Amino acid sequence: MTMTQQDAAAEAVPASADGEGHLAEHDATVREAHRRAIGDVMLEVDNITLRFGGVKAITDVSFNIREHEIFAIIGPNGAGKTSMLNVINGFYHPQDGTITYKGNVRQRMRPYEVAMGGIARTFQNVALFRGMSTLDNMMAGRLTKMHGAAERAFDKSLADIPVVNFLTYPFFWTADFLMDAFYWGPYQKEEERHRRRVEEIIEFLEIVDIRRTPVGRLPYGLQKRVELGRALAMDPQLLLLDEPMAGMNVEEKEDMSRFIIDVNEEFGTTMALIEHDMGVVMDISDRVVVLNYGRKLGEGTPDVVQKNQDVIDAYLGVSHDRPG
Amino acid sequence: MTAEASTAGEAGARSPLSGLTGKWWFWAAVIVAVFAIVGLDVWGLDEDAENHKAILSFLGDGLVGFLKAVTEPVALFWLKLGFAIETSMTGLLVGVLYSLVALGFVLIYKASGMFNYSQGVMVLFAALTFVGLTEYGIPVILALVMAVGVMILFAIVVEFLILRHLVNQEQIILFMATIGLAFFLEGFGDTIWGSNVKKIPLDLPSGAMDWLTIGDWNVQVQWLDISAAATGAVMVVALAVFFNKTRIGRALRAVADDHQAALSVGINLRTIWIIVWSVAGIVALFAGIVWGAPSGVQFSLSLIALKALPVLLIGGFESIPGAIVAGLIVGFGEKIAEVSWGDSLGGGIENWFAFMLAMVFLVIRPQGLFGEKIIERV
């Protein structure tokens, strides 16, 4: 986003003395806007149970995430929120239950297969490629999208012929690899195309000035933002955010909330996020599911969840005094 | 949060000298002191002075005598400039080959956190396969391609039988697995190709090149050394391009940095491991050929892995530039050491000098020249 756009955004939403208030105000309209756009069920989690030895991390939890919505998973520590994301993401494999993604019941999948299917994520403790620059981190997010010309030719011609495909693939692969290494011809175009997309995202997240910096040297708040950028570079259909605002100060939290809303509005990305700051959750999410000790306590719009007595007892009532 | 990170101490990398070694004035003082001592004594001597007194003078004269005994031969050595240049060149050329062997270790260590004990045996096995194939009458070029194919096949088998079952295991378990692999590969190569010494069937250039003349000294460089070093240099450059410029290189670096994050952006770890082991196998093949050229391919070839160890300690296990620079340092250093102190210490310095140097590095800079800084939170 350029400075002028930023200024325009600032004018559109008059800043009030109370930061949270203005966020909520801005948000009400945003929520209205994309609630209309919310579509069919994208991901359905059905009676998932996950055990580690004798410990049940998740017991019989079901919910669904709809297209274009911002969906929040909340609950006290140890409620099984991150485990839930890990199940969706393919890091964990549940003992019971099914996950239906875009209409298909998902078989046991490895994380990279899930990622290639359009599900990106960020981590609770920032998991960036620390030795690499911001730009390289984000380009790494596009690895699965990049295909060489030879590989494309292979997909069109020989890929479906058994035995032959197996025997000839190495040659296509090598051809691509050489074009890549010499930065030649079709490969150059491919690289430039992806680079352009990454630059768009870098500008969108306002991290232009750190694009050559090794991410290990960046302050924590920026690292979180780069991690979001890397996930966005995958052009995901579903974006899983594990505590995107953990450990941030108020200002950084506001920035992050704004980015999450903007991403949702501009790219239409469906998001599932875990967050502890109730103010933020209630402000930005369309629907909320509450977990406690691995079980589902409640589900619904923020207003409904806030009034649910079980939820208040387990979580909201003790940890937060925000007027409902 | 950031403040916390910056105040976290560097508890891991402490050593008694580490306070001083970071100060430029400490090193300036050391250099000035050494030159002062050398200057006082040595420059006055003529070239025919006997160096054999070195050890005796150490016993007799204490520290000053010791420093003199250590520095005097080095100074005398550099006075014979032509000879010095020739020795240095030979050292550097050998150093390129050390780098090549060390690179095989670095590649696998970076991508899978595994210290691959079997790298030395891989060098032997790859070279044996190449030579063995040519003994069946297969043309050299074809045999080379086939040997590359065998190393890729080997990578696939290793991934299928070992790596995928040991994901997320302790480093020591991975290390033990590679020890087993080394023993297996050694026996396997022996069974298939036999244990006799095999000659590399390449017409590598022999003899020496007259390079330049300094004073009355004719500086010569062996053609074999030059061609081996050239091969090594090409490999090293190719690997650097591969790692830093290509899509797969980017994926490799990503995996080296963070497994989980790499998975989450859609990188298939198993494919990456196969690629890395294949590349390490190909590096081993070239290392085996250039090392085997002078004296034939035989079991002792697998022991060059031992020479790679100090190179790794000096350069850092995770750094490709580190492996290259450290290889050159070791090659250069051990030749100079041999020529300078060989006489007074009874010769054979080349065999242990690299390890001494590595020990010094362990004390002063445990993470190696280019290794990642060890920072621990306390």
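Letters A, B, ... mirror the listed sequences (proteins, then strands); counts begin at 1. Just so it is clear, the model here is predicted, and its values are computed rather than measured. When reading the values below, keep in mind they use all heavy atoms of this one structure, side chains included, and skip hydrogens, waters and symmetry mates.
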* To do: With a 4.5 Å cut-off on heavy-atom pairs, point out which of A/R130, A/R121, A/M139, A/E227 contacts chain B the most.
  =>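 When all of A/R130, A/R121, A/M139, A/E227 are compared, A/M139 has the most.
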
* To do: For chain B, find which of A/R142, A/M116, A/E191 contributes the most heavy-atom pairs closer than 4.5 angstrom.
  =>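 With the most close heavy-atom pairs to chain B, the winner is A/E191.
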
* Asked: Side chain, backbone, both or neither: which part of A/M234 has an atom under 4.5 Å from a heavy atom of chain B?
  ->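 A/M234 touches chain B through side-chain heavy atoms alone.
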
* What part of A/L128 lies closer than 4.5 angstrom to a heavy atom of chain B: side chain, backbone, both or neither? ->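 It is the backbone, since no side chain atom gets that close.
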
* Report yes or no: is the cationic atom of A/R230 (NZ for Lys, CZ for Arg) closer than 6.0 Å to the six-membered ring centre of A/F123, at no more than 45° off its axis? =>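 No, cation not above the ring by the 6.0 Å, 45° rule.
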
* Asked: Can you name the closest pair of heavy atoms from B/L313 and B/A358 and give their distance?
  ->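 Looking at all heavy atoms of both residues, the shortest contact is CD1-CB, 3.9 Å.
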
* Please report the closest heavy-atom contact between B/V311 and B/G327, naming both atoms and the distance. =>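 Heavy atoms only, the tightest pair is CG1-N, 3.5 Å.
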
* Could you look at B/A262 and say if it's the side chain, the backbone, both or neither that has a heavy atom under 4.5 Å from chain A? =>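 The answer is both parts of B/A262.
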
* **Residues B/Q119 and B/Y109: side-chain donor-acceptor under 3.5 angstrom** =>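 No, no side-chain donor-acceptor contact under 3.5 Å.
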
* **Parallel, tilted or perpendicular: ring planes of B/F115 versus B/F175, cut at 30 and 60 degrees** =>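 B/F115 and B/F175: tilted rings.
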
* Just give me the residue among B/N268, B/D258, B/L269, B/L263 that pairs up with chain A most often, heavy atom to heavy atom, under 4.5 Å. =>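 Greatest number of close heavy-atom pairs with chain A: B/N268.
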
